[in-house]
Amino acid sequence: TEIGVERRFVPESCPRAVRPGDFVRYHYLGSFPDGTRFDSSYDRGSTFNVFVGKGQLIAGMDQALVGMCVNERRFVKIPPKLAYGSEGVPGVIPPNAVLHFDVLLIDLWNSEDEVQVETYFKPEKCPRTVQVSDFVRYHYNGTFLDGTLFDSSHNRMRTYDTYVGIGWLIPGMDQGLLGMCVGEKRIITIPPFLAYGEDGDGKEIPGQASLVFDVVLLDLHNPKDGIAIENQLVPESCERRSQTGDFLRYHYNGTLLDGTLFDSSYSRNRTYDTYVGKGYVIAGMDEGLLGVCTGERRRIIIPPHLGYGEEGRGKIPGSAVLVFDIHVVDFHNPSDSVSITVHYKPSNCTVLSKKGDYLKYHYNASLLDGTLLDSTHSLGKTYNIVLGSGQVVLGMDMGLQDMCVGERRTVVIPPHLGYGEDGVEGEVPGSAVLVFDIELLELVSGLPEGYMFVWNGEVSPNLFEEIDQNHDGEVLLEEFSEYIQTQVETGKGKLAPGFDFEKIVKNMFTNQDRDGNGKVTAEEFKLKDQEAKEEHDEL
């Protein structure tokens, strides 16, 4: 006279049990006590869907389903008076038949249900949560209440990208994503009337199915977003900030909002070098690099419409927010000249360096970020040059002008006056600003511009005859060299300092050997002031 219920399987977790008024989806096998089967939902390939306790079922089944959990399996015996009674069902169930049902509950919901959200991981930092009209990128596994997987973005290896709260999603997902942080993981349970309803989706999801989404939020932005800047380190001394048109060298790590690394200049062991504000980089980076100091570290967060847009690029997925942690190594402007800062100048500073002077100096060479490139102190010897002769980069030639012995100064040289875009392989990076801390130790005054040799006294009227030691009317290089050396050694003449003696003498001789036959005659031989006079007369 009473139903018999045998609970053949009860899941460990049973957050909810069937109550009268609930809607259930279940599979069953219906048989008589002798084992003869009279009905089966499995044969029809669809669950039996019905409200419990509303008279839509035979009375015994209405009672037997109460208290069941999803995934629970019950064996139910129903007497005739709680089944089809003395009439039965013609052609299917005889009168006064006892019915056996093997029932497996698949789904359970109530018309008063709402979206259920269970967060099982939340990042410590949550600067922003999902709001209506935000665009999100997330991964999910979609299952039914019984755990059957019906869809997964992980299997497609591509995030689901969508706007929230504007009707692009089923209503339950629109609600369930609100308030999420990037990196948060939550389970969103959606009743069918907030999902695909009575009809399902026509594919994988049957009608009246509750849906469970295990979601991890990877990305979040709003189309109205601009870039966001977080200053991580700003040097105390910041004499200059970058402006439109400046050329920057910087290191960066590029990640997605969930921390996935997509690029790094550090891994290439080379800075990224570019003009700012000229469209050479994505719009968000163009904006984010303005106003930085050398040595500054900042985080630049760029929404996709200021990054790589809906299409993405390489390892960057479409519609991705980008995070760049940058370190500014140096910057300059193509209009920059050499910058000189004098730290010490002797009181008796009367002789100033000029073009042609022979200088001996110590220096420490570094990049703007302080990286040491070279130092004469470590070599234990000075660096010696003839100023203005092209023996150093143009910026150093400029920086050493008008300096007196004992003076100390810092010379900052932009790359177009230094080693240019190519730099020096293994030593100086391309497009690098150079900083030289200089101390001038010795200065030997040079000759007037254009002169390689000058007389300290009166010039002999019989100069050619004096050089032509064998009096054959011709002067060879050996005679010429020996004569000049004697004049220098006796103090009667002076060579341009800092140059190789043989090269200077050969150059002087070649200038006199006007027909190039290796001999100088009296007709060819002329002093520099005589050459200038003849040129003036001709003009």
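Bear in mind that the values here come from a model prediction, so they are computed numbers and not experimental data.
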Taking the side chain as C-beta and beyond, is there a heavy-atom pair between [X] and [Y] under 4.5 Å?
X	Y	value
Thr294	Phe331	yes
Glu296	Cys238	no
Asp151	Arg156	yes
Met398	Ser337	yes
Asn49	Val24	no
Leu256	Val321	no
Glu310	Pro304	no
Arg240	Asn333	yes

Notebook entry, point to check: Does the ring center of Phe144 lie less than 6.0 Å from the ring center of Phe150?
Noted result: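 Ring centroids of Phe144 and Phe150 are less than 6.0 Å from each other.
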
Check [Y] with [X], please: is the shortest side-chain N to carboxylate O separation under 4.0 Å?
X	Y	answer
Arg16	Asp113	yes
Glu311	Arg313	no
Asp402	Lys354	no
Asp263	Arg268	yes
Glu72	Arg7	yes

Check: Taking it one step at a time, do Tyr361 and Glu407 satisfy side chain to side chain contact (heavy atoms under 4.5 Å, CB included)?
Finding: CA-CA 10 Å; Tyr361 60 94; Glu407 183 177 337; over 6 Å; no

[X]: partners by side-chain hydrogen bond (donor to acceptor under 3.5 Å, both in side chains), with sequence neighbours left out:
X	answer
Arg19	none
Ser210	Asp107
Lys355	Glu449

Search all heavy atoms of [X] against all heavy atoms of [Y] and return the closest pair with its distance.
X	Y	value
Ser265	Tyr250	OG-O, 4.2 Å
Leu443	Leu352	CD1-C, 4.1 Å
Tyr252	Ile326	CB-CG2, 3.9 Å

Note to self: Rounded to the nearest 0.5 Å, what separates atom CD in Glu230 from atom CZ in Arg299?
What the structure shows: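 One gets 5.5 Å once the value is rounded to the nearest 0.5 Å.
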
Go through the structure and list residues passing salt bridge (Lys or Arg N to Asp or Glu O under 4.0 Å) with [X], not counting sequence neighbours.
X	result
Arg158	none
Asp146	none
Arg73	Asp102
Glu287	none

Exercise answer: donor-acceptor pairs, residues 413-421 side-chain atoms, under 3.5 Å, sequence neighbours excluded:
from: His416; atom 1: NE2; to: Pro334; atom 2: O; distance (Å): 3.3
from: His416; atom 1: NE2; to: Asp336; atom 2: O; distance (Å): 2.8

Show the atom names and distances, to 0.1 Å, of all donor-acceptor pairs under 3.5 Å that link a side chain in residues 371-380 to residues at least two apart or in another chain.
from: Thr371; atom 1: OG1; to: Asp369; atom 2: OD1; distance (Å): 2.9
from: Thr371; atom 1: OG1; to: Asp369; atom 2: OD2; distance (Å): 3.3
from: Asp374; atom 1: OD2; to: Tyr363; atom 2: OH; distance (Å): 2.7
from: Ser375; atom 1: OG; to: Asn364; atom 2: OD1; distance (Å): 2.5
from: Ser375; atom 1: OG; to: His377; atom 2: N; distance (Å): 3.2
from: Thr376; atom 1: OG1; to: His362; atom 2: ND1; distance (Å): 2.6
from: Thr376; atom 1: OG1; to: Tyr363; atom 2: N; distance (Å): 2.9
from: Thr376; atom 1: OG1; to: Tyr363; atom 2: O; distance (Å): 3.4
from: Ser378; atom 1: OG; to: Ser375; atom 2: O; distance (Å): 2.7

Any donor-acceptor pair under 3.5 Å linking the side-chain atoms of [Y] with those of [X]?
X	Y	value
Asp22	Asn110	yes
Tyr138	Asp219	no
Gln131	Thr129	yes
Asn141	Asp214	no
Ser153	His139	yes

Donor-acceptor contacts under 3.5 Å from residues 269-285 side chains, at least two apart:
from: Thr271; atom 1: OG1; to: Asp273; atom 2: OD1; distance (Å): 2.7

Margin query: Using salt bridge (Lys or Arg N to Asp or Glu O under 4.0 Å), reason through Arg409 and Asp437 one step at a time and then give a plain yes or no.
Written below: CA-CA 6 Å; Arg409 60 172 57 172; Asp437 291 314; over 6 Å; no

Ignoring hydrogens and geometry, is there a side-chain-to-backbone donor-acceptor pair from [X] to [Y] under 3.5 Å?
X	Y	value
Asp62	Gly53	yes
Arg74	Ala64	yes
Ser353	Met403	yes
Asp246	Gln243	yes

Item checked: side chain to side chain contact (heavy atoms under 4.5 Å, CB included) between Leu359 and Leu440, intermediate numbers included -> CA-CA 7 Å; Leu359 307 182; Leu440 184 60; 3.9 Å; yes

Note to self: Under the rule for side-chain contact (heavy atoms from CB on, under 4.5 Å), what residues qualify as partners of Ser40, not counting sequence neighbours?
What the structure shows: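 Expected list: Leu29, Arg37, Tyr42, Asp43.
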
Next item on the list: Any chance you could lay out the side chain to side chain donor-acceptor pair (under 3.5 Å) test for His27 and Thr47, step after step, and finish with the verdict?
Entry: CA-CA 5 Å; His27 272 301; Thr47 56; 5.7 Å; no

Check: Stepwise, does the side chain to side chain donor-acceptor pair (under 3.5 Å) test hold for Asp134 with Asn222?
Finding: CA-CA 5 Å; Asp134 283 345; Asn222 193 282; 2.8 Å; yes

Next item on the list: Start with the C-alpha distance between Asp39 and Arg44, add both sets of side-chain angles, then the distance that settles salt bridge (Lys or Arg N to Asp or Glu O under 4.0 Å), and finish with yes or no.
Entry: CA-CA 9 Å; Asp39 195 12; Arg44 293 191 295 274; 2.8 Å; yes

Margin query: I'd like to know whether CD of Glu114 has more than 12 heavy-atom contacts from other residues, nucleotides or ligands below 6.0 angstrom.
Written below: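 12 or below, so no.
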
Can you give the donor-acceptor pairs under 3.5 Å from side chains of residues 175-188 to other protein atoms, not counting sequence neighbours?
from: Glu184; atom 1: OE1; to: Cys181; atom 2: N; distance (Å): 2.9
from: Glu184; atom 1: OE2; to: Thr119; atom 2: OG1; distance (Å): 2.8
from: Glu184; atom 1: OE2; to: Arg186; atom 2: NE; distance (Å): 3.1
from: Glu184; atom 1: OE2; to: Arg186; atom 2: NH2; distance (Å): 2.9
from: Arg186; atom 1: NH1; to: Gly176; atom 2: O; distance (Å): 2.5
from: Arg186; atom 1: NH1; to: Leu178; atom 2: O; distance (Å): 3.2

Next item on the list: On the 0 to 90° scale, with breaks at 30° and 60°, tag the His221-Phe135 ring pair as parallel, tilted or perpendicular.
Entry: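 Rings of His221 and Phe135: tilted, 30 to 60°.
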
